[in-house]
Amino acid sequence: MSVDLAVDFCGLQLENPFILAPSPSTDQLDLLIKAFEAGWAGAVLKTVTVDSSIVSRVFPLVMRVEHVMGFMGIQNIDLVSEHSVEQIEQHVRFLKNRFPSKAVIPSIIATNKNDWQMLARRMVEAGADLIECSISFPHGAEWGLCSTIQEPSGTEEITRWVKEAAGQVPVVIKLSAQDSDIIATATAAERSGAEGVCALNTLKSITGVNLDTLIPYPNVAGLSTYGGLSGPALKPIALRCTAEIAQTLNLDIAASGGITTWQDGAEFLLLGASSLQLCTAVLRFGVGIIRELMTGLQGWMEEKGFQTLKDVIGRSLPYLVGHSQLPRGIQVVSQIQSEFCDGCGACYTACQTGGHDAIRWIDGFPQVTVSQCIGCGLCQAMCPLQAISLSRLIRERAALTG
């Protein structure tokens, strides 16, 4: 069966759903050329502002975020592109001339109506396929990067300004998980004519604190600041935002936040996204990751019998309901697969401290006392080897084992 990865996003025909998110990777023309030749369907250029000289960079720009379980993402304190508006225009023209089928998407940010509209007009005239509006930064508010707008009224106003200037070119508003009500903000964007939203921007964060120097990371000559969190740690939040928007509004959604594998991409598509933006994964593994992303997604679609992405997008949304609508009275219990268990004791500790005492230590391995198990799932969540499953309670087995 032939699988087609082409997708319609805000009226653009993309050859596949994978797009480079705005980052250092999309601020250099040679890297963009390499990415397009590798198979990426498009790229959002690093955000440009009217006067890039207002932002003075500090170093280091990026810190790894990790925990005992491994890599969680990165925190960056980078801001807008250091390229001028004229340079970004040149990049747009060059890319559209050399790669007419690729989506070239400038990202703009401004502080007033004139600047928003000026940037939008210039990018449209340069040949932009779509305009992405970065209406807020998670850090650097003192540089006037519009990070203190009042949602949703500020979003509605900015969207209207940009739509007036962009004409027939689609406009996408990049949302933040820090919005007090992301649905209200997305609704304001839709009300003002935006064709889509990007969910979501990096999340304001602190990487950690050096326990020797007592200085938070990153250490910039003895001082630190807040930054934007991206990578796998952001994925659950981005999935939630994508699903809520898809269930509520009629907007195309560019998912962004924690997409590392084709499996991640498939999950976002199933929850309503129609394009997928990647940043941290590209910085970590290179633009060549696109081959694995496309091959993996195609193989999964063939296995599931999906011919086009129309068969995939939003397919999982009907299963998401309010908490009060979840089925009650269904008993499940834990089952430990002894062939996969290494006796680490994580499940035992979780059950004991969770207050259920349903797992006992017998002959060096954990065993479930069915009559004590309530099916909370703590043991399964803490098992590092996925050796625990939850299954419906069989009364006869409970009577024999209990």
Side-chain angles (χ1 to χ4, degrees), residues 65-73 231-240 243 257-271 281 284-285 289 292-293 295-306 312 315-321 323 325-402:
V65 181
E66 60 183 348
H67 202 257
V68 291
M69 300 303 288
F71 180 81
M72 294 174 61
L234 200 58
K235 178 187 167 187
I237 301 170
L239 282 172
R240 183 267 299 176
I259 304 172
T260 304
T261 64
W262 69 262
Q263 292 96 330
D264 295 329
E267 290 177 44
F268 278 97
L269 293 168
L270 287 167
L271 291 177
R284 193 178 182 199
F285 300 112
I289 193 178
E292 182 180 338
L293 294 170
T295 301
L297 184 60
Q298 285 176 321
W300 171 75
M301 288 175 63
E302 288 179 359
E303 181 182 320
K304 301 297 290 184
F306 299 139
V312 179
R315 190 70 174 257
S316 294
L317 290 174
Y319 301 109
L320 275 174
V321 298
H323 193 280
Q325 295 175 267
L326 293 174
R328 262 63 182 178
I330 298 174
Q331 178 79 47
V332 296
V333 295
S334 296
Q335 287 186 306
I336 300 174
Q337 314 301 316
S338 58
E339 64 270 28
F340 301 121
C341 176
D342 67 354
C344 72
C347 61
Y348 174 80
T349 301
C351 193
Q352 292 290 315
T353 54
H356 304 306
D357 194 27
I359 295 180
R360 305 294 172 86
W361 208 251
I362 302 175
D363 297 329
F365 283 93
Q367 294 188 24
V368 177
T369 301
V370 173
S371 60
Q372 293 287 106
C373 180
I374 67 167
C376 68
L378 267 175
C379 58
Q380 183 188 53
M382 296 301 176
C383 178
L385 299 177
Q386 298 182 333
I388 300 178
S389 61
L390 298 175
S391 60
R392 291 279 187 97
L393 177 63
I394 300 174
R395 298 295 174 184
E396 291 79 5
R397 176 163 58 84
L400 291 172
T401 313

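Quick caveat: nothing in here was measured; it's all calculated off a predicted structure.
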Open item on the list: We want to know whether Ser389 and Gln337 form a side-chain donor-acceptor pair, criterion being a heavy-atom distance below 3.5 angstrom.
Closed with: yes

Distance in Å, [X] [atom1] paired with [Y] [atom2], rounded so as to fall on 0.5 Å steps:
X	Y	atom1	atom2	value
Ser334	Gln380	OG	CD	7.0 Å
Tyr348	Cys379	OH	SG	14.0 Å
Thr261	Glu267	OG1	CD	7.5 Å
Trp262	Leu297	CH2	CG	7.5 Å
Asp264	Lys235	CG	NZ	4.0 Å

Closest heavy-atom contact between [X] and [Y]?
X	Y	answer
Phe365	Cys341	CE2-O, 3.6 Å
Trp300	Ala266	CZ3-CB, 4.0 Å
Cys373	Gln331	O-NE2, 3.5 Å
Ala281	Ile289	CB-CD1, 4.1 Å
Gly257	Ala238	O-CB, 3.6 Å
Ala387	Cys383	N-SG, 3.3 Å

Task: Side-chain heavy atoms of Thr260 within contact of Phe285, under 4.5 Å - done: yes

TODO: Please examine the side chains of Leu390 and Gln335, heavy atoms only from C-beta on, and report whether any two atoms are closer than 4.5 Å.
DONE: no

TODO: Could you tell me whether Arg284 sits above the aromatic face of Phe71, with NZ or CZ closer than 6.0 angstrom to the six-membered ring centre and within 45 degrees of the axis?
DONE: yes

Open item on the list: Looking at Gln372, is its backbone amide N or carbonyl O close enough to the side chain of Thr369 to form a donor-acceptor pair, meaning the two atoms are under 3.5 Å apart?
Closed with: no

TODO: Measure from the side-chain N and O atoms of Arg360 to the backbone N and O of Ala358, and report whether any donor-acceptor pair falls under 3.5 Å.
DONE: no

- [ ] Identify which one of Val333, Ile388, Ile359 satisfies the side-chain contact (heavy atoms from CB on, under 4.5 Å) criterion when paired with Val368.
- [x] Ile359

Task: Gln352/Asp357 under side-chain hydrogen bond (donor to acceptor under 3.5 Å, both in side chains): CA gap, chis, key distance, verdict - done: CA-CA 5 Å; Gln352 292 290 315; Asp357 194 27; 2.6 Å; yes

Task: More than 12 heavy atoms of other groups within 6.0 Å of Glu292 CD - done: no

- [ ] Quick one: do Trp361 and Gln367 satisfy side-chain contact (heavy atoms from CB on, under 4.5 Å)? Show the steps, please.
- [x] CA-CA 6 Å; Trp361 208 251; Gln367 294 188 24; over 6 Å; no

Open item on the list: Between Leu378 and Thr353, is the side-chain contact (heavy atoms from CB on, under 4.5 Å) condition met? List the steps.
Closed with: CA-CA 10 Å; Leu378 267 175; Thr353 54; over 6 Å; no

